[in-house]
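Side chains included, hydrogens not; waters and symmetry mates left out as well; all remaining heavy atoms used. All residue numbers in this chain count up from 1 along the given sequence.
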Amino acid sequence: MKKCIICSNPNLNVFKFKHIILKDCEKVICEHCKHFSYESSMTDGEFITSYIANSKNKFINKNQINILNKSYWLNLSRFQMIKNYLPKHSETLNVLEIGPGFPGLAYFWSNSEIDYKMYISEPDLSKQKLFNKFFPNISFFDIDKINTEIYHDNFKNYFDVIILNNVFYYFKDPTNIIVQLKNISKKHGVIFVDILNSKYIDKNYEKKIDMRHVFNKNSLKTLFDNCNFSTLFLDYFDTDQQNILNQNKREIGFFDRILYKCLKLVRADLIVNFTINDTSSNFSNEDGMYLRGIFKNV
Ligand SMILES: [Zn+2]
């Protein structure tokens, strides 16, 4: 009998579903943990190929422009959160980001004081080129080769930080991915996950949904518990937003406010404060738009 991939509960509701990428898709909802997924026999490889083809040569719509505008602040806050949970040791940190698409987070790493070595697993060649151009020190990691001998020899217990920024819902078998990532993660290394709050996925959103899994707080935690990770942080975005803002709090003087208000001029060293202050109101919803977690390999 078919069981929930998170909690093994057999009480599932299954519907036929028209998905923009997955063929012969069914929506499966677990009555117990409320995790739901879009199931199809498509492999991760086929899915990625289709996803890349689907995202090419399209006009950017208004929603995407909003996302781009927000992404600076979003990535800043993500970076700050990851920084708060970095494993403490003096050597170079090995960092892996899976499927970053655009180099949003990499920018903050490169501007930080942290001694790190970054790897990127990015299947889209045009995006790889972007990374090569702007971040020549970044190395590439092919997640499809994770089980090969050479990867096993080189990367076993290797990474201090693994970043899954808005990609974790694309994998067919998310538990298996975490099991594999655990192998390349150092003991006490952390995995950072950021996904969309399931509450935002309504009938309208579903018309254009490209995910395979929709986690809630409970189902995400259960998955990481099952793989022997401890939860260092797990909450909706807004919950920690205040802390993040407080960390960056610096008085913006009267003169700077006027300068910004009248001339849209910002002193370079204040740009971060302004970005945060300008966009934080986008996330006033008490349930937050994103579910964010930091999990430690124990
Ligand atoms: Zn379940």
Side-chain angles (χ1 to χ4, degrees), residues 5-6 43-45 48 75 78-101 103-106 108-110 112-123 128 131-132 135-195 213 215 219-234 291-298:
I5 62 138
I6 302 292
T43 64
D44 281 336
I48 288 167
N75 282 322
R78 283 171 187 135
F79 177 72
Q80 283 164 339
M81 174 171 280
I82 295 167
K83 222 169 71 173
N84 287 343
Y85 292 96
L86 289 179
K88 302 248 178 306
H89 66 79
S90 53
E91 296 155 40
T92 306
L93 288 171
N94 294 321
V95 182
L96 169 65
E97 185 172 6
I98 295 171
L105 261 176
F108 292 103
W109 283 97
S110 71
S112 74
E113 311 273 283
I114 300 168
D115 179 15
Y116 73 101
K117 164 110 189 88
M118 180 164 274
Y119 293 78
I120 296 290
S121 178
E122 175 52 60
Q128 277 189 18
F131 275 95
N132 268 331
F135 304 95
N137 292 330
I138 278 178
S139 305
F140 289 96
F141 181 96
D142 187 347
I143 200 169
D144 295 333
K145 294 194 180 136
I146 202 166
N147 287 320
T148 59
E149 204 173 313
I150 186 156
Y151 266 55
H152 191 270
D153 291 347
N154 288 319
F155 295 111
K156 190 168 168 53
N157 306 329
Y158 183 77
F159 290 105
D160 298 277
V161 183
I162 297 175
I163 298 166
L164 291 161
N165 184 11
N166 281 290
V167 292
F168 191 47
Y169 36 57
Y170 290 132
F171 295 103
K172 185 183 174 114
D173 184 348
T175 305
N176 183 43
I177 289 296
I178 297 304
V179 169
Q180 294 185 358
L181 294 181
K182 194 179 168 78
N183 286 331
I184 58 169
S185 168
K186 266 186 201 157
K187 193 173 164 65
H188 303 312
V190 294
I191 296 186
F192 170 81
V193 179
D194 199 328
I195 50 180
H213 287 275
F215 292 90
S219 68
L220 190 66
K221 186 177 185 320
T222 306
L223 187 150
F224 276 90
D225 285 351
N226 291 345
C227 300
N228 265 327
F229 279 81
S230 70
T231 304
L232 300 182
F233 177 88
L234 179 62
L291 176 59
R292 203 173 263 190
I294 303 255
F295 304 94
K296 183 164 96 172
N297 184 9
V298 289

For the residue pair K296 and Y85, would you count it as a cation-pi contact if the rule is NZ or CZ under 6.0 angstrom from the ring centre and within 45 degrees of the ring axis? no

Assess whether side-chain contact (heavy atoms from CB on, under 4.5 Å) is satisfied between D44 and Y170, documenting all intermediate values. CA-CA 8 Å; D44 281 336; Y170 290 132; over 6 Å; no

For Y119, which of Y151, F140, F155 qualifies under ring-ring contact (aromatic ring centres under 6.0 Å, His included)? F155

N165 and E97: which non-hydrogen atoms are nearest, and at how many Å? CB-OE2, 3.9 Å

Tell me whether K186 is salt-bridged to D160, with the criterion being a basic N under 4.0 Å from an acidic carboxylate O. yes

With a 3.5 Å distance limit and no angle check, can you tell me whether D225 reaches the backbone of S230 through a side-chain donor-acceptor pair? no

Quick one: does Q128's side chain have a donor or acceptor within less than 3.5 Å of a partner on E122's backbone? yes

Calculate, to the nearest 0.5 Å, the distance between atoms CZ and CG belonging to F159 and L96 respectively. 4.5 Å

side-chain contact (heavy atoms from CB on, under 4.5 Å) between L93 and I114: does it pass, once the steps are laid out? CA-CA 8 Å; L93 288 171; I114 300 168; 3.7 Å; yes

Just how far is it from atom CG of N166 to atom CD1 of I98, taken to the nearest 0.5 Å? 13.5 Å

Is it true that a side-chain atom of N94 and a backbone atom of Y158 form a donor plus acceptor pair closer than 3.5 Å? yes

Does the ring center of F295 lie less than 6.0 Å from the ring center of F229? no

Rounded to the nearest 0.5 Å, the OH atom of Y116 sits from the OG1 atom of T92 at a distance of 11.5 Å

Looking at N75 and L105, what are the two nearest heavy atoms and their distance? O-CD2, 3.5 Å

Using modelled atom types and a 3.5 Å cut-off, is there a donor and acceptor pairing between side-chain atoms of S112 and backbone atoms of W109? yes

Between S121 (side chain) and F141 (backbone), is there a donor-acceptor pair under 3.5 Å? yes

Say you draw a straight line from CG of L234 to CG of L291; how long is it, rounded to the nearest 0.5 Å? 5.0 Å

Backbone of K172 reached by a side-chain donor or acceptor of H213 within 3.5 Å: yes

Rounded to the nearest 0.5 Å, what separation is found between the CG atom of D144 and the CG atom of D142? 5.0 Å

Value rounded to 0.5 Å, distance of OG in S185 from CD1 in I162: 5.0 Å

Is the Lys NZ or Arg CZ of K83 less than 6.0 Å from the centre of F79's six-membered ring, within 45° of the axis? no

Any residue meeting side-chain contact (heavy atoms from CB on, under 4.5 Å) with I48, in chain and number order, not counting sequence neighbours: I52, P123

